[in-house]
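Working notes, structure below.
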There are 2 protein chains.
Amino acid sequence: MNNNFPYSKYNFNNQDLLSGLTTAECDRLTANKEILNFKAGTQIFKEGTEPKGIYRVLSGKVKKYTATNFGTDHIFYICGENEYLGYHAILSEEEYPDSATALLDCEVAFIPKNDFLNVVSKSHLLSQRLLKNLSHEFGVFLNATKILARYTVRERTAINLLILQRKFSVKESLKEIEINREDLASMVGTAKESLVRMLKDFKEEKLISTKGRIIFIEDLEGLVKASNYK
Amino acid sequence: MNNNFPYSKYNFNNQDLLSGLTTAECDRLTANKEILNFKAGTQIFKEGTEPKGIYRVLSGKVKKYTATNFGTDHIFYICGENEYLGYHAILSEEEYPDSATALLDCEVAFIPKNDFLNVVSKSHLLSQRLLKNLSHEFGVFLNATKILARYTVRERTAINLLILQRKFSVKESLKEIEINREDLASMVGTAKESLVRMLKDFKEEKLISTKGRIIFIEDLEGLVKASNYK
DNA sequence: TTCTTACATTGACATTTATCAATTTTATTT
DNA sequence: AAATAAAATTGATAAATGTCAATGTAAGAA
């Protein structure tokens, strides 16, 4: 399970943003907290709308994506358990720059905007932690843009399989990924058919196998090699 | 000069990060400030090294980029006057995730790490402003990844010319860009020869003209159309 | 289960983009 | 200005990727 692929370069939240706050701060944060459930495929928030609060994923997976004006999406991140959604738009005082949709059934905690902003403005710990996290995200995005700008579809496919393997391995079987081909293609930044052909190549090279839409990672090191990461 | 291209989606610093501080805060920030000069082509800091402080561009242009392990760079941003460099790595407590090199001769103000961190930790205004700015940058990067993932070389070339036109228009002639083809290709995320061919197409379509390496924007609206932005 | 629908896969082909090797142009040095 | 070096451009071609249409397969509904 260990290998030399730098997962931290692909993860937004390495630490729990809201942990370690004082009881009073926690109380203020959670005073109006709501637990929400989203079925797979349901949109949580939509690009271009006004943010109402932040969300913490309690269980399930959420895809974050932006839409082009010509009908294709780009999925730039999959959020797993204990990751947060929607804080950027609130802090930047702008509309949501992206959309979020449940990839699997989700349980999510919702904290209204004002409760969040209130604690941010009063908690030194929280604002420092947000600064640290947002600055870390800068590096994650840099890495993402470099990969999109300079790596081939084959390399990007391998990279995304490695990321997903790690994302899905937390609570489930270590080596299986369930994602539809359209979404995976949208992460890689390619056409669905090109993605399917790349998976076929990887199958022939014994790097993966599939059963239905489920992808099994068979050779982690082989995928790392295919990703051209050093 | 006005058109409907959304430049703010491409700009990291929309406001001056350090303006409006109290005199005491300013004094503490600038206590050990140094003014540095970098000749075009000189590296200011290097990916993977430890950050020593932050930089403010007083004049000139700086390119920010990351390197792949196979020898190509990706230039993800050009910094102009009054923009800041290097604060991400300091706030994230990580190594520089990117490199910075003077694109034109530059004058730069350097503020040592500890002076910056000191004021950040004590100034509510500054930390709030940083939070706002870093969150805005999230949207800028989202836009960048979407464009790299989903737009063609032609579209990306048009987009980058529009960005550069705006970047270079602040103090200089409104419509000319001076950048070498390798760097422009690196921004677009394509090969130098492909970039040159795209410029040739744009010349034939009267969207631009060139004289030596200088590119003149002849038809801003035509470029917006070519960028496929809506 | 059977039907129905959505999704995954394949094939054929077009288009886009990259690569390598000249050649021409521009910038720099003497 | 002439010589030299660096950068830009072009041509020929290969390789990668996208598109459209068809077919196969799996999952959910009746």
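Note on naming: letters A, B, ... go to the chains in the order of the sequence lines (proteins, then strands), and numbering restarts at 1 for each one.
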Centroid-centroid distance, [X] to [Y], less than 6.0 Å:
{"X": "A:Phe45", "Y": "A:Tyr55", "value": "yes"}
{"X": "B:Phe141", "Y": "B:Phe12", "value": "yes"}
{"X": "B:Phe5", "Y": "B:Tyr10", "value": "yes"}

Length of the line joining [X]:[atom1] and [N]:[atom2], which is rounded to integer Å:
{"X": "A:Glu178", "N": "D:dA27", "atom1": "CD", "atom2": "C1'", "answer": "11 Å"}
{"X": "B:Arg154", "N": "D:dG18", "atom1": "CZ", "atom2": "C1'", "answer": "17 Å"}
{"X": "A:Ile214", "N": "D:dA27", "atom1": "CD1", "atom2": "C1'", "answer": "12 Å"}
{"X": "A:Glu193", "N": "D:dA21", "atom1": "CD", "atom2": "P", "answer": "12 Å"}
{"X": "B:Leu195", "N": "D:dT9", "atom1": "CG", "atom2": "P", "answer": "9 Å"}
{"X": "B:Leu148", "N": "C:dT16", "atom1": "CG", "atom2": "C1'", "answer": "16 Å"}
{"X": "A:Arg150", "N": "C:dT19", "atom1": "CZ", "atom2": "C1'", "answer": "14 Å"}
{"X": "B:Asn228", "N": "C:dT16", "atom1": "CG", "atom2": "P", "answer": "13 Å"}

Comparing A:Lys203 and A:Ala149 on DNA chain C - which has the more 5′ nearest nucleotide: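 Looking at DNA chain C, the more 5' nearest nucleotide goes with A:Lys203.
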Can you tell which of [options] lies closest to the side chain of [X]?
{"X": "A:Val153", "options": "D:dT10, D:dT17, C:dT10", "result": "D:dT17"}
{"X": "B:Asn180", "options": "D:dA7, D:dT19, C:dC7", "result": "D:dA7"}
{"X": "B:Val196", "options": "C:dG11, D:dT17, D:dT9", "result": "D:dT9"}
{"X": "B:Lys200", "options": "C:dT17, D:dC20, D:dT10", "result": "D:dT10"}

At under 4.0 Å between heavy atoms, what does B:Arg213 touch on the DNA or RNA strands: base, sugar-phosphate, or nothing?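 Sugar-phosphate, backbone atoms only, no base.
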Quiz item: A:Glu182 side-chain donor-acceptor pair to C:dC7 base, under 3.5 Å: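 No such pair is found, so the answer is no.
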Between A:Arg181 and C:dT9, does any side-chain N or O lie under 4.0 Å from OP1 or OP2?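 Yes, because at least one side-chain N or O of A:Arg181 sits under 4.0 Å from OP1 or OP2 of C:dT9.
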Would you tell me if any nitrogen or oxygen in the side chain of A:Ser194 comes within less than 4.0 Å of OP1 or OP2 on D:dA16?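 Answer is no, no contact under 4.0 Å.
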Let me know, please, whether A:Lys211 or A:Arg156 comes out on the 5' side of the other along DNA chain D by nearest nucleotide.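 Closer to the 5' end of DNA chain D: A:Arg156.
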Start at the 5' end of DNA chain D and walk down; is the nucleotide closest to A:Ala191 or to A:Gly212 reached first?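 Mapping each residue to its closest nucleotide by heavy atoms, the 5'-most match is A:Ala191.
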Of all the heavy-atom pairs spanning B:Glu83 and B:Tyr77, show the shortest one and how long it is.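 Nearest heavy atoms, B:Glu83 then B:Tyr77: OE2-OH, 2.6 Å.
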Nearest-0.5 Å distance that lies between atom CZ in B:Arg154 and atom CG in B:Asp201: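 Going from CZ on B:Arg154 over to CG on B:Asp201, the span is 6.5 Å.
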